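Source: prediction; values computed, not measured. Worth knowing before you read on, the calculation uses all heavy atoms, side chains too, and leaves out hydrogens, waters and symmetry mates.
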Amino acid sequence: MPRVVGVLINPLSGKNRQGSATRLQAIGEHPDVLLQMVQTPQDVYDSLIDFARRKVNILVISGGDGTIQAVLTVLFHHHPFTIQPQLIVLEGGTTNMIAGDVGILGNQVRAMSRIIEWVQTSNTNVTCEQRSVLRLSVPGHEVKYGMFFGAACISQGVQYYQSNLHNNRLHGLPGICMTLVRFLWALIGHHKQIAAPTLLQVSLDKKALEKEKFILFFVSTLDRLFFGIRPFWGKENGQLRFTAVKAKAKYLLRVLPFLVRGRMARKATPANGYYSHNVDEIELYTSDSMALDGEIYTPDSNQQPTLLQYGGKVTFLQL
C-alpha cells in the first residue's frame with residue numbers, strides 16, 4: 001500500500017510558537033505530503049475529515065499533548081478513517097510527554113526530512129510502538145480520548161502553570177520545573193493553600209475504594225511520563241496505569257523517590273495511603289477540575305460519575 005502522509009502543525013504549541021512552525025511548514029510543503037495548519041479542535045476535526053477522504057495512512061503531528069489529544073478524540077470518537085492511520089509525533093509542544101514516550105525528540109525539521117526520505121525510499125529504519133488510549137467522559141463535556149489524566153495536585157499544577165507561567169518568559173521547561181518544585185515542596189510541607197487535597201469517591205473495575213481526600217491521582221497509558229519517570233507499580237493486566245496518594249499518606253518523604261522511579265517501596269501500601277493498579281475502568285465522583293493531556297475539564301455535577309476507560313489501540317512510528 002502506498003504511503004500517504006498528512007501533517008498537522010499547531011503554530012500555537014510550545015516550541016512551535018518560538019519559530020519552529022514556520023521552518024517546519026516550509027519543508028512540509030512537499031509534493032509527497034498533505035499539510036494542514038491547525039489551532040483549535042475544530043481545525044483538527046476538519047483536517048482529519050479531509051485527510052480521511054484523501055486516504056492518508058501516516059499522520060504526522062507537530063504540536064503539544066493537547067493537540068495530540070484533539071487528534072485521538074477525532075480518531076476514536078468520530079471515526080473518520082476506515083483504517084486508523086499510524087501516527088508520528090514530533091516535539092512541538094511544551095511538556096511533550098507523549099512525544100517523550102512514543103514520538104521523535106529533537107529538531108523537528110530534521111525529523112520531517114527523515115520522514116520524507118522514508119516515504120520516498122523506505123531506507124530509514126522504523127520502530128512501531130503500540131499504546132492503549134484512555135477514554136474520558138466528564139459530566140457536561142464531550143467524550144475525550146488521550147493518554148494522561150490527572151486530578152488533585154496534578155490538575156492544580158497544570159492550572160497554576162497555565163495561569164502564571166505559560167505566557168511569560170518562564171514558559172516551557174523552566175516553568176514546568178518550577179511548578180513541580182513548588183508542588184512537591186507544598187506536598188512535603190503540607191501547605192494546603194498551595195496543594196489542596198481533593199475529595200474523591202473512586203471505584204476501580206467496579207471495586208469501590210473508601211471516599212478519601214487525595215493529593216496525587218493520575219492515570220496513563222504511557223510507559224514514561226515527563227522527565228522519563230515511571231510512577232506505576234501495579235501488576236494486573238488492565239490497560240490503564242493508575243497511581244494515587246492519599247492526603248494523609250504516611251512516610252511520604254521515604255516513598256516519593258521510589259514512586260518517581262516506579263519501584264514498589266515497602267511502605268507504599270494501601271494501609272499507608274498509596275495505590276497503584278492496572279485497570280480497565282475507573283469511576284470517580286468529584287466536582288473539582290481535572291486534566292487530560294494538559295487540558296482542564298470541570299464536571300457539571302458531582303452526582304454523575306467521571307469515567308476513565310480503555311478506549312482502543314493506536315500505533316506510533318519512530319524513525
Are the side chains of [Y] and [X] in contact, using a 4.5 Å heavy-atom criterion?
X	Y	result
F218	F232	yes
M112	V33	yes
L284	S203	no
V7	I61	no
Y274	T269	no
N278	F242	no
Y145	Q69	no
F217	I282	yes

Non-hydrogen atoms of [X] and [Y] that approach each other most closely:
X	Y	answer
Q86	L317	OE1-CD1, 3.7 Å
S13	G92	CB-O, 3.3 Å
P80	A52	O-CB, 3.3 Å
G6	V56	N-CG1, 3.6 Å
G238	D280	CA-OD1, 3.6 Å
D223	R230	O-CG, 3.5 Å

(Q) Among L48, V4, L34, V5, exactly one meets side chain to side chain contact (heavy atoms under 4.5 Å, CB included) together with L59. Which residue is that? (A)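 Of the listed options, the one satisfying the test is L48.
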Could you state the interatomic distance from [atom1] ([X]) to [atom2] ([Y]), rounded to the nearest 0.5 Å?
X	Y	atom1	atom2	value
N16	L90	CG	CG	8.5 Å
L252	I215	CG	CD1	5.0 Å
R241	S276	CZ	OG	9.5 Å
M290	E295	CE	CD	14.5 Å
Q304	T306	CD	OG1	9.0 Å
M97	D293	CE	CG	7.5 Å

Kindly work out whether a path of hydrophobic side-chain contacts (I/L/V/M/F/W/Y, heavy atoms less than 4.5 Å apart) joins [X] to [Y].
X	Y	result
L240	F316	no
V279	L307	no
F148	L105	no
L134	L75	no
F149	I229	no

Please tell me whether [X] and [Y] have a donor and an acceptor in their side chains that are separated by less than 3.5 angstrom.
X	Y	result
S62	Q108	yes
N10	T67	yes
S155	D288	no
S132	T221	no
Q84	K313	no
D46	Q36	no

Q) After noting the C-alpha distance and the side-chain angles of K207 and D205, does the key distance pass the side chain to side chain contact (heavy atoms under 4.5 Å, CB included) rule? A) CA-CA 6 Å; K207 297 177 183 178; D205 286 340; 5.5 Å; no
Does the [X] side chain pair with the main chain of [Y], one donor and one acceptor, at a distance under 3.5 Å?
X	Y	result
D43	Q39	yes
Q156	A196	yes
N302	Y285	no
H77	V74	no
N96	A99	no
E91	G106	yes
H141	T298	yes

Q: Might you work through the side chain to side chain contact (heavy atoms under 4.5 Å, CB included) test for L319 and N125, ending with a clear yes or no?
A: CA-CA 6 Å; L319 65 159; N125 291 326; over 6 Å; no
Q) For E210, does the CD atom have more than 12 heavy-atom neighbours from other residues, nucleotides or ligands under 6.0 Å away? A)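 Count not over threshold, so no.
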Q) Can you tell me if NZ on K213 sees more than 12 non-hydrogen neighbours from other groups inside 6.0 Å? A)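 At most 12 heavy atoms, drawn from other residues, nucleotides or ligands, come within 6.0 Å of this atom.
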Q.
Test side chain to side chain contact (heavy atoms under 4.5 Å, CB included) on L199 and T286; report intermediate values, then the result.
A. CA-CA 7 Å; L199 184 64; T286 183; over 6 Å; no
Q: Could you tell me whether R131 and D101 make a salt bridge, using a distance below 4.0 angstrom between a side-chain N and a carboxylate O?
A: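 Salt bridge: yes.
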Q: Using the six-membered ring of W118, assess whether NZ or CZ of R3 lies under 6.0 Å from its centre and within 45 degrees of the ring axis.
A: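 Yes, R3 sits over the ring of W118.
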Q) Under the 6.0 Å and 45° cation-pi test, does K246 pair with F214? A)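 Relative to the ring axis of F214, which defines the angle, K246 lies outside at least one limit.
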Q.
Show, in sequence, the C-alpha distance, side-chain angles and deciding distance for V143 and L136, and conclude whether the side chain to side chain contact (heavy atoms under 4.5 Å, CB included) test is met.
A. CA-CA 6 Å; V143 169; L136 174 66; over 6 Å; no
